[in-house]
Colleague: 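My questions all concern the structure below.
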Number of protein chains: 2
Amino acid sequence: MKLASSRDRAAGRPVSRQVLADHVYEELLASLMDGRLEPGAAVSIDGTARELDVSPTPVREALARLEHTGMVRRVALKGYRVAPVFTQEDFAELMEARLAIEPVNARLACSRLTPDGLAELQEAVKDLETAPRGPSFVEFREYLDADERFHKLIAEQSGNQFMLAAYAALGGQVQRFRLFGGVGITDAEQAIAEHRSVLEALASGDPERAAAAMADHVQKVRARAIADAPAD
Amino acid sequence: MKLASSRDRAAGRPVSRQVLADHVYEELLASLMDGRLEPGAAVSIDGTARELDVSPTPVREALARLEHTGMVRRVALKGYRVAPVFTQEDFAELMEARLAIEPVNARLACSRLTPDGLAELQEAVKDLETAPRGPSFVEFREYLDADERFHKLIAEQSGNQFMLAAYAALGGQVQRFRLFGGVGITDAEQAIAEHRSVLEALASGDPERAAAAMADHVQKVRARAIADAPAD
DNA sequence: CATAGACGAATCCTATAGGAATGGTCTCCT
DNA sequence: AGGAGACCATTCCTATAGGATTCGTCTATG
């Protein structure tokens, strides 16, 4: 796995210049999302630098940023490690937090929804419907991306930078809860219907109805996940 | 301003080893809180490194972490800058977000409050009462610290890591809103009384009452700040 | 006099090298 | 054979140096 060898950079164009640390960030994020990096595994700075053919400095900066997302943890002097898997308690806490934040986002977004914003939301739901849903990570990645995009768009449309920041604080984790047990996407049809309900509520212009639709969606996601949870 | 010169480190004990980047982080944070670094000012990596007598590497890592708190912004290729001052719109957004998050924290914390947690909260309120309240930054810094500690303790006592993360996402900003206009602490008596009400509600064991007390506090903070705002 | 081009200083970004500590393994002694 | 101590490899952390870019200023020209 190589981003762009020093030879390539030394040659013609500077590839894009200065985004090197950003590329490392994106590459590590993709590895975490896809499960290539298993929870608990050590993320060596030097090793990652060699693997991506860069120096340790941008890797260090990328990891410092990733630490704030909760995906990796820094153990003072032992380096970075991938955060442990979700337990059912973690999942319950995440849903509790989403239930506190996301309905508020929906209410705020409903008040100041623009035609462009509505179009983007409709596109996200459409992608959700057409995305493939296989058993492998790469196969339902587009589905998860569309899901994440839908909720993030609502947070952005809220017009409140702090609510967006609060959502982003748990946003990176939202994706990973799917991995707690290795279950795939089994509730796509119901989830799509709920997303459509949220979309309709937003389009109706009634803020309370939008908030209620979002709360209903989150609660049903929680209920389904508990039902699907592996009996340990 | 020097942390620990290389000569000092080269001498006897290694100071504490490896916490160099953390010291830079704390030092920059203090400079931002105290207003020594004015909003909009550039934070040069090399300059900060020279000023603190360290190499640019730990400064870079500290700034990468600070970026996620919103205190500084990274402009791609122009370096880091201190985030601009709060406008009244920013303040309104912050209070809206706090109103969505903090009452939930209070409700959750009330359900699982421990005697130790209650004692810590009581101590924070006590510090709030005894802290000096002068016009200068350094003089009411203890007051702000106690305020921040009170709210952060409740977020921690909620037992929900994601609610704590959501609160932390806007926590760094909570302090800085005092600077939008340069007004000092003018509402200490009322704020202390409200904090005491929140504390009593938590001790009563009624979650809904705790949430209501916290919501009332945040709303009154917002109302007072709007009244005190400089007429521009 | 205004504007375009060029030069220079300051800054950021990356790479490489060296010092220090941790963890594992091997050997020696009891 | 079991345990303690030492050695080695790996890794992290910091410092220094060099390449590349941006911004401000100065000068020459239309």
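This structure is a prediction, so every number in the text was calculated from the model and none was measured. To find a chain, count down the sequence lines: A is the first, B the second, and so on, and within it residues start at 1.
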Colleague: Please determine whether a side-chain nitrogen or oxygen atom of Ser55(A) lies at a distance below 4.0 Å from atom OP1 or OP2 of dT14(C).
Modeller: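 So the side chain of Ser55(A) is outside the cut-off, no N or O lying under 4.0 Å from OP1 or OP2 of dT14(C).
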Colleague: Both Pro56(B) and Gly47(A) contact DNA chain D. Taking the nearest nucleotide for each, which residue is further toward the 5' end?
Modeller: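 Closest to the 5' end, via its nearest nucleotide, is Gly47(A).
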Colleague: Any salt bridge between Glu102(B) and Arg98(B), counting N to O under 4.0 Å?
Modeller: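 Looking at Arg98(B) together with Glu102(B), the answer is yes, because their closest N to O distance falls below 4.0 Å.
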Colleague: Phosphate oxygens OP1/OP2 of dC13(C): is one of them under 4.0 Å from a side-chain N or O of Arg60(B)?
Modeller: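 For dC13(C), OP1 or OP2 has a side-chain N or O of Arg60(B) closer than 4.0 Å.
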Colleague: What side-chain hydrogen bond (donor to acceptor under 3.5 Å, both in side chains) pairs are there with at least one residue in residues 54-63 of chain A, not counting sequence neighbours?
Modeller: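 For residues 54-63 of chain A: Glu61(A)-Arg65(A).
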Colleague: Nearest whole Å is fine: how far is dT11(C) C1' from Tyr80(B) OH?
Modeller: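 These atoms are roughly 14 Å apart.
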Colleague: Let me see the working for Leu63(B) and Thr48(B) under side chain to side chain contact (heavy atoms under 4.5 Å, CB included), right down to the final yes or no.
Modeller: CA-CA 11 Å; Leu63(B) 284 171; Thr48(B) 305; 5.8 Å; no
Colleague: Find the distance Arg81(A):CZ to dT11(D):P and express it as a whole number of Å.
Modeller: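 Rounded to the whole Å, the gap is 12 Å.
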Colleague: Of the nucleotides dC12(C), dC23(D), dA15(C), which has the atom closest to the Lys78(B) side chain?
Modeller: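 Out of dC12(C), dC23(D), dA15(C), the nucleotide with an atom closest to Lys78(B)'s side chain is dC23(D).
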Colleague: Where the side chain of Pro58(B) is defined as all heavy atoms beyond and including C-beta, which of dC13(C), dA15(D), dG23(C) is the nearest nucleotide?
Modeller: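 So the nucleotide nearest the side chain must be dA15(D).
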Colleague: Could you work out which one of dA15(C), dT11(C), dC12(D) sits closest to the side chain of Arg50(B)?
Modeller: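 Minimum distance to the Arg50(B) side chain belongs to dT11(C).
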Colleague: Only one of Leu66(A), Leu28(A), Val43(A) clears side chain to side chain contact (heavy atoms under 4.5 Å, CB included) with Val82(A); which?
Modeller: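 Of all the options given, the one that passes is Val43(A).
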Colleague: Could you please name the option among dA15(C), dC12(D), dC13(C) that lies closest to any side-chain atom of Ser44(A)?
Modeller: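 Looking only at heavy atoms from C-beta outward on Ser44(A), the closest nucleotide is dC12(D).
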Colleague: Considering only distance and modelled atom types, tabulate donor-acceptor pairs under 3.5 Å from the side chains of residues 111-120 of chain B, sequence neighbours left out.
Modeller:
| from | atom 1 | to | atom 2 | distance (Å) |
| --- | --- | --- | --- | --- |
| Ser111(B) | OG | Arg107(B) | O | 3.2 |
| Thr114(B) | OG1 | Gly117(B) | N | 3.0 |

Colleague: Rounding to an integer number of Å, can you tell me how far Leu52(A) CG sits from dT14(C) C1'?
Modeller: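 Taking CG of Leu52(A) and C1' of dT14(C), I get 15 Å after rounding.
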Colleague: Calculate the interatomic distance between Arg74(A) atom CZ and dT11(D) atom P; express it in whole Å.
Modeller: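 After rounding, the gap between these two atoms is 18 Å.
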Colleague: In whole angstrom, what separates Leu63(A)'s CG from dC13(D)'s C1'?
Modeller: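 Checked: the CG to C1' distance equals 14 Å.
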Colleague: In whole Å, I'd like the distance from the CG atom of Asp46(B) to the P atom of dA17(D).
Modeller: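 Spelled out: CG on Asp46(B) to P on dA17(D) is 13 Å.
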Colleague: Mapping Thr57(B) and Val43(B) to their closest nucleotides on DNA chain C, which lands nearer the 5' end?
Modeller: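 This one resolves to Val43(B).
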Colleague: Side chain of Ile45(A), heavy atoms from C-beta onward: which of dT14(C), dC23(D), dC13(D) has the nearest atom to it?
Modeller: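 Output: dC13(D).
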